[in-house]
Amino acid sequence: MMLKTPAEWGDQQVSILDLFGTFPGELGGKAAVDQTVADTATTTRIGEDFAEGKAMEVRGTSTFFEDGEQLDLNSLTDITDLLGRAIAN
């Protein structure tokens, strides 16, 4: 469901919990989603992931790395060439 509606929730600066609350079928129901969102462990995990991305200078989704180096991929061909080289090695 989330992959079908990114325009509704991507790059938002306000809470979109109500929108995500409409997606709970696969996640154990709305109560389970609300409990996970309210859990401080969830906030901690998100903060850790954010800090790691910031330290690695991640600019957005998707950001690719090879041998610890961030890659500048601008086209599908860049990605397929990278994968081809990786498979060949």
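These values consider heavy atoms only, across backbone and side chains, with no hydrogens, waters or symmetry-generated copies. In this text the structure is predicted, and so the values were computed from the model without any measurement.
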* Spell out, as yes or no, whether a donor-acceptor pair under 3.5 Å connects the side chain of T42 to the backbone of V37. => no
* Asked: Can you tell me how far the CG atom of N74 sits from the OG1 atom of T77, to the nearest 0.5 Å?
  -> 11.0 Å
* **Distance (rounded to the nearest 0.5 Å) between L71 CG and F64 CZ** => 8.5 Å
* Asked: How many angstroms lie between CG in D39 and CZ in R45, if you round to the nearest 0.5 Å?
  -> 11.0 Å
* According to a 4.5 Å side-chain heavy-atom criterion applied to Ile, Leu, Val, Met, Phe, Trp and Tyr, with indirect links allowed, do M56 and F50 form part of one hydrophobic cluster? -> no
* Asked: Donor-acceptor pair, D81 side chain versus D78 backbone, under 3.5 Å?
  -> no
* To do: Give a yes or no answer on whether the side chain of Q70 reaches the backbone of E57 with a donor-acceptor pair at less than 3.5 Å.
  => yes
